[in-house]
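Working notes, structure below.
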Amino acid sequence: MSLSATKTVRELAVEIPNATRVFEKFGIDYCCGGKKPLDEACRAANLPVNDVIEALETAASPADRPGYDLPSGSLTELIDHIVKTHHKFTRDEIARLQKLLEKVCSVHGKNHPELLAIQGTFHGLAQELTLHLMKEENVLFPYIIRMEEAVLQNDPVLPPPFGTVQNPVRMMMQEHDGAGDALRQIRSASTNFTAPPEACVSYLTLYRALEAFEADLHQHIHLENNILFPRSIAMEERTLTAVR
């Protein structure tokens, strides 16, 4: 498979399902920063572009592809996957991480003030994400599901109370950017989730859990920003064109 370094990170993440793992490995932002061409993203991260392309070509092999076709499967199935996999993980881990942070900060916070900064950042992120998930599940996702059902049944699509799907999508993407900023702050404050030599098991567990939370949220945002939202906007535009 021949890949072009002029394609954007987003395009490659959509075309190659396992590309997100490659980008995670190399530290390339594929969710909020996915608009950059691959060669530009590699230069910014001081990475040899050929090494990244080689890893992407390996990830693109048929044996590594998942059974569900995310770029072209139904939007309802994709939403179901996002809610049951990523929304559930986010809620579960927020509760777990808040307890871990409280425990580790109470013991190590005096000697490691960065932990208190991480706790404050994560607390704000947790509040924002909790509201964010509710808005998606109660407002945006139900509309997308109803729209797809109407299209499949060749029925008229009822206009949403928010005017166009682009309005809530724009808000969700702005909130995704905010979450990405918070994750970068946590990674920086923790020195890339590197615990000090004297760290206890809870300290090590906290950093491993925060890194796993970051990885899942990156994948979560990628599925929405790069697949669900563009396809939903395109579907709505087709329905509006058909009415005219």
Hey, mind stepping through Leu206 and Gln119 against side-chain contact (heavy atoms from CB on, under 4.5 Å) and telling me if it holds? CA-CA 11 Å; Leu206 171 65; Gln119 185 180 38; over 6 Å; no
Is any side-chain heavy atom of Gln219 closer than 4.5 Å to one of Thr85? no
State plainly whether one hydrophobic cluster holds both Ile79 and Phe89, where clusters connect Ile, Leu, Val, Met, Phe, Trp and Tyr through side-chain heavy atoms under 4.5 angstrom apart. no
Hydrogens and angles aside, do His220 and Glu224 bring a side-chain donor and acceptor to less than 3.5 Å of each other? yes
Please tell me if the side chains of Ile227 and His222 come closer than 4.5 Å, counting only heavy atoms from C-beta onward. yes
Give a yes or no on this: more than 12 heavy atoms of other residues, nucleotides or ligands lie within 6.0 Å of atom CG of Asn138. yes
First locate atom CG of Leu183, then atom CZ of Phe213, and finally report the distance between them rounded to the nearest 0.5 Å. 7.0 Å
Are Leu133 and Tyr143 linked, directly or through other ILVMFWY residues, by side chains that come within less than 4.5 angstrom of each other? no
What closest approach, in Å, do Ala19 and Ala13 show between heavy atoms, and which atom pair accounts for it? CB-CA, 4.0 Å
What pair of heavy atoms forms the shortest contact from Ala126 to Ile94, and how long is it? CB-CG2, 3.7 Å
Does the side-chain contact (heavy atoms from CB on, under 4.5 Å) test come out yes or no for Ser202 and His108, once each step is laid out? CA-CA 10 Å; Ser202 293; His108 298 280; over 6 Å; no
Rounded at 0.5 Å granularity, tell me how far SG in Cys42 sits from CG in Asp51. 9.0 Å
Is there side-chain contact between Val157 and Met147, with at least one heavy-atom pair below 4.5 Å? yes
One should read off an interatomic distance between Ile53 CD1 and Ser4 OG, to the nearest 0.5 angstrom, of 7.5 Å
Evaluate side-chain contact (heavy atoms from CB on, under 4.5 Å) for Leu228 paired with Phe141, printing each intermediate quantity in order. CA-CA 10 Å; Leu228 177 64; Phe141 288 176; 3.6 Å; yes
So do Leu56 and Phe26 actually touch side chain to side chain, heavy atoms under 4.5 Å? no
Where is the tightest heavy-atom contact between Tyr30 and Ala215, given as atom of each residue plus distance? OH-O, 4.2 Å
Is any side-chain heavy atom of Leu3 closer than 4.5 Å to one of Ile16? yes
Decide side-chain contact (heavy atoms from CB on, under 4.5 Å) for Tyr207 and Ile118; before the verdict, give the C-alpha distance in whole Å, the side-chain angles of both, and the deciding distance to 0.1 Å. CA-CA 10 Å; Tyr207 274 15; Ile118 291 169; 3.7 Å; yes
Side-chain contact, heavy-atom cut-off 4.5 Å: Val107 with Tyr203? no
One pair to check against salt bridge (Lys or Arg N to Asp or Glu O under 4.0 Å): Glu93 and Arg96. What are the steps and the verdict? CA-CA 5 Å; Glu93 288 302 291; Arg96 177 188 177 220; 3.0 Å; yes
Can you name the ring pair (Phe, Tyr, Trp, His ring centres under 6.0 Å) partners of Phe193, sequence neighbours left out? none
Count the heavy atoms of every other residue, nucleotide or ligand shown that sit under 6.0 Å from CG of Asp92, and state whether that count exceeds 12. yes
Within-4.5 Å side-chain heavy-atom neighbours: His112 and Glu198: yes
How long is the span from the CG atom in Leu75 to the CD1 atom in Ile145, to the nearest 0.5 Å? 9.0 Å
Under a 4.5 Å side-chain heavy-atom rule over Ile, Leu, Val, Met, Phe, Trp and Tyr, are Met172 and Leu217 clustered together? no
I'd like to know whether CD of Gln166 has more than 12 heavy-atom contacts from other residues, nucleotides or ligands below 6.0 angstrom. yes
Let me check something: do Phe229 and Leu129 share a hydrophobic cluster, defined by ILVMFWY side-chain heavy atoms less than 4.5 Å apart, either directly or through other members? no
Going by atom types alone, do Thr76 and Ser74 pair a side-chain donor with an acceptor below 3.5 Å? no
Count the heavy atoms belonging to other residues, nucleotides or ligands that lie under 6.0 Å from CD of Gln98, then report whether that count exceeds 12. yes
Separation between CD1 (Ile28) and CG (Leu38), nearest 0.5 Å, reads 6.0 Å
Identify, with sequence neighbours excluded, every residue that meets side-chain hydrogen bond (donor to acceptor under 3.5 Å, both in side chains) alongside Glu136. His87, His132
Transitive ILVMFWY side-chain link Ile82 to Ile233, under 4.5 Å: yes
If you draw a 6.0 Å radius around CE in Met235, do more than 12 non-hydrogen atoms from other residues or ligands fall strictly inside? yes
Closest non-hydrogen atom pair between Arg10 and Asn226, with its separation: NH2-O, 2.8 Å
Within a radius of less than 6.0 Å around NZ of Lys99, do more than 12 heavy atoms belonging to other residues, nucleotides or ligands occur? no
Are Arg184 and Asp29 side-chain neighbours, meaning at least one heavy-atom pair lies under 4.5 Å? yes
So does Glu236 get a backbone contact from the side chain of Thr239, meaning a donor-acceptor N/O pair under 3.5 Å? yes
With a 6.0 Å cut-off (strictly less than), is the heavy-atom count around CD of Glu137, excluding the residue itself, greater than 12? yes
Nearest non-hydrogen partners of Leu97 and Ala209, listed with the distance: CD2-CB, 3.6 Å
Drop me the distance from Ile221's CD1 to Glu175's CD, to the nearest 0.5 angstrom. 10.5 Å
Shortest non-hydrogen separation from Ala182 to Thr121 and the atoms involved: O-CG2, 3.7 Å
